[in-house]
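Fair warning: this is a prediction, and the values are worked out from it, not measured in the lab.
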Amino acid sequence: MITRLPTEERQQTIVAAAIELARDASPALITTADIAAAVGLTQGAVYKHFATKDAIWVAAMQWVRDELIRELNGAARAAFTPVLALGAVFRAHIEFVITYPGVPRFIFHELQRPADSAAKQEVRGVLQAYRKLLIELLGNSVQAGLVPGDLDQESSATLFVGIVQGLVMQTMLTGKPAAMRGQADRVFALYLRGIGAAS
């Protein structure tokens with residue numbers, strides 16, 4: 001017997017199932033039938049909540065944007081200095097990917113599609129919010145005298161995101177997301193050295 005849930009809660013369940021399925025499969029290969037089976041619904045019931053599979057992907061990316069940025073902002077606020085906040089953000093992102101390894105698959109899937117899409121726009125929204133946070137922390141680090149005053153903040157933000165993406169890509173190849181924990185601190189120490197952060 002299928003439990004009836006409020007529409008918003010059911011939609012969240014469907015999105016969570018899609019992200020979980022992406023842990024082991026390319027989003028391109030995940031069908032609405034797969035998602036329906038994962039949540040114990042008929043395929044028709046899934047379509048009552050989302051008109052298309054792409055609509056599920058859009059909702060998934062909206063969830064990623066909200067949850068990831070919330071986690072990163074929370075990590076930054078809990079740190080005592082802006083440089084420590086950068087480290088907290090870095091580790092929070094790594095932990096997010098370890099917890100939800102299907103998320104990078106969604107993001108890379110969308111970025112590979114040549115046409116623009118609502119889901120790709122959500123990916124851009126995530127990156128814009130992420131960069132805004134990093135630029136703020138880097139600017140605060142400059143003001144506090146914790147990094148050189150002439151630091152190229154835009155490039156430093158790009159490098160930060162690129163390092164995380166590189167770690168994520170490597171663990172996608174090995175299928176062992178938790179392996180990032182062992183590398184994260186060493187890699188981040190190199191990043192701090194690169195931006196001239198005071199030790």
Side-chain angles (χ1 to χ4, degrees), residues 2-3 5 7-75 88-114 117-127 129-130 160-185 187-188:
I2 297 174
T3 304
L5 297 175
T7 297
E8 184 175 343
E9 190 174 342
R10 180 63 77 191
Q11 288 174 334
Q12 291 173 352
T13 302
I14 291 168
V15 165
I19 291 172
E20 180 65 23
L21 288 168
R23 175 190 297 263
D24 300 310
S26 166
L29 301 177
I30 298 170
T31 66
T32 50
D34 295 330
I35 297 169
V39 294
L41 294 174
T42 64
Q43 198 169 355
V46 170
Y47 282 122
K48 287 182 180 178
H49 297 286
F50 292 100
T52 64
K53 188 172 77 169
D54 280 346
I56 298 174
W57 290 180
V58 172
M61 288 313 309
Q62 289 171 340
W63 179 88
V64 170
R65 180 195 64 201
D66 294 344
E67 287 300 308
L68 177 60
I69 299 305
R70 181 182 63 79
E71 291 279 347
L72 300 185
N73 280 324
V89 166
F90 186 84
R91 287 184 289 276
H93 193 167
I94 296 298
E95 289 301 321
F96 186 87
V97 174
I98 291 171
T99 304
Y100 304 105
V103 167
R105 289 183 184 274
F106 267 111
I107 292 175
F108 291 133
H109 169 70
E110 288 304 322
L111 294 179
Q112 288 172 357
R113 297 171 71 172
S117 67
K120 189 178 285 189
Q121 290 170 16
E122 290 295 334
V123 173
R124 282 199 293 269
V126 172
L127 186 57
Y130 200 164
F160 186 107
V161 175
I163 290 171
V164 175
Q165 289 174 336
L167 284 171
V168 170
M169 183 68 76
Q170 289 179 66
T171 58
M172 286 178 69
L173 291 171
T174 63
K176 298 177 180 177
M180 283 188 288
R181 285 196 189 103
Q183 302 177 56
D185 287 344
V187 171
F188 189 70

Taking the ring of Trp63 and the ring of Tyr100, is the distance between their centroids below 6.0 Å?
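Yes - the distance between ring centres of Tyr100 and Trp63 falls below the 6.0 Å cut-off.
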
Mind listing the closest non-hydrogen atom pair of [X] and [Y] along with its distance?
X: Pro177; Y: Thr171; value: CA-CB, 3.8 Å
X: Met61; Y: Ala119; value: CG-O, 4.0 Å
X: Ala18; Y: Phe106; value: O-CE1, 3.6 Å
X: Val123; Y: Leu111; value: CG1-CD2, 3.9 Å
X: Leu68; Y: His93; value: CD1-CD2, 4.1 Å
X: Leu167; Y: Gln183; value: CD2-OE1, 3.6 Å

Taking side chain to side chain contact (heavy atoms under 4.5 Å, CB included) as the definition, give me every residue that meets it alongside Gln43, ordered by chain and number, with sequence neighbours left out.
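Checked Gln43 against side chain to side chain contact (heavy atoms under 4.5 Å, CB included); matches are Thr32, Ala33, Tyr47.
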
How many angstroms lie between [atom1] in [X] and [atom2] in [Y], if you round to the nearest 0.5 Å?
X: His109; Y: Ile107; atom1: NE2; atom2: CD1; value: 12.0 Å
X: Ile69; Y: Leu127; atom1: CD1; atom2: CG; value: 9.0 Å
X: Ile14; Y: Ile19; atom1: CD1; atom2: CD1; value: 12.5 Å
X: Ile35; Y: Glu20; atom1: CD1; atom2: CD; value: 12.5 Å
X: Leu21; Y: Thr31; atom1: CG; atom2: OG1; value: 8.5 Å
X: Leu72; Y: Glu67; atom1: CG; atom2: CD; value: 11.0 Å

Tell me, do [X] and [Y] make a side-chain contact under 4.5 Å, heavy atoms counted?
X: Glu95; Y: Ile98; answer: yes
X: Leu41; Y: Lys48; answer: no
X: Val97; Y: Val103; answer: no
X: Arg124; Y: Lys120; answer: yes

Can you confirm whether Phe96 is buried at CZ, in the sense that more than 12 heavy atoms of other residues, nucleotides or ligands lie under 6.0 Å from that atom?
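Yes.
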
Any side-chain to backbone donor/acceptor pair from Gln62 onto Glu122? Under 3.5 Å, distance only.
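Judged by distance alone, no pair lies under 3.5 Å.
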
Distance-only criterion, 3.5 Å: show the donor-acceptor pairs between side-chain atoms of residues 50-59 and protein atoms not counting sequence neighbours.
residue, atom, partner, partner atom, Å
Thr52, OG1, Asp54, N, 3.4
Thr52, OG1, Ala55, N, 3.0
Lys53, NZ, Ile30, O, 2.9

Please work out which of the three classes, parallel, tilted or perpendicular, describes the rings of Phe188 and Phe90, given edges at 30° and 60°.
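Tilted: the ring planes of Phe90 and Phe188 meet at 30° to 60°.
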
